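All values reported here derive from a predicted model rather than from experimental measurement. Letters A, B, ... mirror the listed sequences (proteins, then strands); counts begin at 1.
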2 protein chains.
Amino acid sequence: MTEAEITSSPHDERTAELLRLWLRLLGTTTAIERELAQRMRQRFGCSLARFDLMAQLAKSRDGLTMGELSRRLMVTNGNVTGLVRRLVEEGLVVRESDPDDRRLQRVRLTADGLALFGRMAVVHGRWVTELLGDLGPEERRALSALLARVKAAAMQGTDDRGTA
Amino acid sequence: MTEAEITSSPHDERTAELLRLWLRLLGTTTAIERELAQRMRQRFGCSLARFDLMAQLAKSRDGLTMGELSRRLMVTNGNVTGLVRRLVEEGLVVRESDPDDRRLQRVRLTADGLALFGRMAVVHGRWVTELLGDLGPEERRALSALLARVKAAAMQGTDDRGTA
DNA sequence: GGAGATTGCTTTACATCTAAACTACCTGCG
DNA sequence: CGCAGGTAGTTTAGATGTAAAGCAATCTCC
């Protein structure tokens, strides 16, 4: 995610204010994500993309298909193909084709993958707590509600059908 | 930016709640960013990375060095090298070495680049207004303040020194 | 002046991501 | 049956991003 954008041609004040709000939202999220990515990389040699994929598999112990993974991670099929290939090479996941429908590739965590994910998840949770923990219960609730409003509003007029 | 993550090993309820808050923040931002990127690409054949870089140059009519660009965009030097090279090939920016310090590469928008950026900025502003415009003035102020709190809190204990 | 550190940028190797074209398989319908 | 069309994945080409190594110009300090 990149930051920065325009302040020129404000046109009207409301547009300029919304632009600043968007830049703040983007900058805040990006800063946290980069910090998490950096720590994950240094501590576990694992990218957020890999961690997210493993997290989905950890929630579905009987495995997921490639398509299901790409929907949940909200990335393209081709992206999942590459991610899974590298995780297979590292011995963290396995893939096998479904005997009932040979188009389907079913992906599961290996024991190693599950063990690594478990260790990462604990530390990841601590990091998130550290990075967001200064917010009080009231602020957390307010922020959560506002974000839900923003996402719902932004999704109108979009045929994205995100995970909502 | 990828989405999704863990819900397993909640450990304690507070961690789980903060994790959900983080996922919501990430998901909301990502959804808006993807929508903007898609529209920018379809309408102008331009990525957000290019748009952001041009926006920085538009704010500094006498040009910026590569290093200044990489600091403002919060990306690595190598990344800027490639972005600028492609924009030069497209005739949207020019680069020339500084005669006083031959290490410096000064980058400026061309007339074409400035014209294109102007058109993009107007439409981009409208899109942001459309995507965030459902928020009332009160909500905008509250969200902005909460995000500032989050970023400030997250930046403590980090030697990132982001654009703050 | 000049050795050594620093600064600014590029290069390299690689991961991650998209869009679009392609392949293989399944399903339904005549 | 047999093929038309949809579904699941892969492949390809290319952009964007990082980290780390390298190079050249400048600065520092004696």
Output side-chain donor-acceptor pairs under 3.5 Å for residues 74-84 of chain B, partner residues at least two apart or in another chain, one line each.
{"from": "B/Thr76", "atom 1": "OG1", "to": "B/Asn79", "atom 2": "N", "distance (Å)": "3.4"}
{"from": "B/Asn77", "atom 1": "OD1", "to": "B/Ser70", "atom 2": "OG", "distance (Å)": "2.8"}
{"from": "B/Thr81", "atom 1": "OG1", "to": "B/Asn77", "atom 2": "O", "distance (Å)": "3.3"}

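A salt bridge links A/Arg20 with A/Glu13; the closest basic N to acidic carboxylate O contact falls under 4.0 Å. A/Arg86 has no carboxylate O lying under 4.0 Å from a charged side-chain N of A/Glu89, or vice versa, which leaves the two without a salt bridge. Ion pairing between A/Arg71 and A/Glu68 holds under the 4.0 Å rule for side-chain N and carboxylate O.
For B/Asn77, taking side-chain heavy atoms from C-beta onward, the closest of the listed nucleotides C/dT16, C/dT10, D/dA15 is C/dT10. Checking D/dG9, D/dT18, D/dG17 against every side-chain atom of A/Gln105, the shortest atom distance belongs to D/dG9.
The distance between atom CZ of A/Arg95 and atom P of D/dA8, rounded to the nearest whole Å, is 15 Å. Going from atom CD of A/Glu33 over to atom P of D/dT18 covers 11 Å, rounded to whole Å. Residue B/Leu64 contributes atom CG, which lies 15 Å from atom C1' of C/dG8 at whole-angstrom precision. A straight line from CE of A/Met74 to C1' of C/dT18 spans 15 Å, rounded to a whole angstrom. Rounded to whole Å, the distance from CG on A/Leu48 to C1' on D/dG17 is 13 Å. For the pair B/Arg34 CZ and C/dC17 P, the computed distance is 9 Å after rounding to whole Å. The separation between B/Leu69 atom CG and C/dG8 atom P is 13 Å, rounded to whole Å. Rounding to whole angstrom units, CG of residue A/Leu104 and P of D/dG6 are separated by 19 Å.
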Which pairs, protein N/O on one side and nucleotides 19-27 of chain D N/O on the other, fall under 3.5 Å?
{"from": "D/dT26", "atom 1": "OP1", "to": "B/Arg102", "atom 2": "N", "distance (Å)": "3.1"}

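If you check every strand for non-hydrogen atoms under 4.0 Å, B/Thr65 touches sugar and phosphate atoms only. Among the protein residues, A/Arg106 comes within range of no part of the nucleic acid, since none of its heavy atoms lies under 4.0 Å from any strand.
The side chain of A/Ser47 contributes an N or O atom lying less than 4.0 Å from OP1 or OP2 of C/dT16.
For the segment residues 80-90 of chain A, residues with any heavy atom less than 4.0 angstrom from an atom of DNA chain C are, sorted by number, A/Leu83, A/Arg86.
For the atom pair CD (B/Gln56) and CG (B/Leu109), the distance works out to 11.0 Å, reported to the nearest 0.5 Å. A distance of 10.5 Å separates CG of A/Asp134 from CZ of A/Arg140, quoted to the nearest 0.5 Å. To the nearest 0.5 Å, the span separating CG on B/Leu53 from CG on B/Leu73 amounts to 5.0 Å.
A donor-acceptor pair under 3.5 Å is formed between the side chain of B/Arg14 and the backbone N or O of A/Gly133.
Checking A/Arg106, A/Gln105, A/Arg72 one by one against A/Leu64, the side-chain contact (heavy atoms from CB on, under 4.5 Å) holds for a single residue, A/Arg72.
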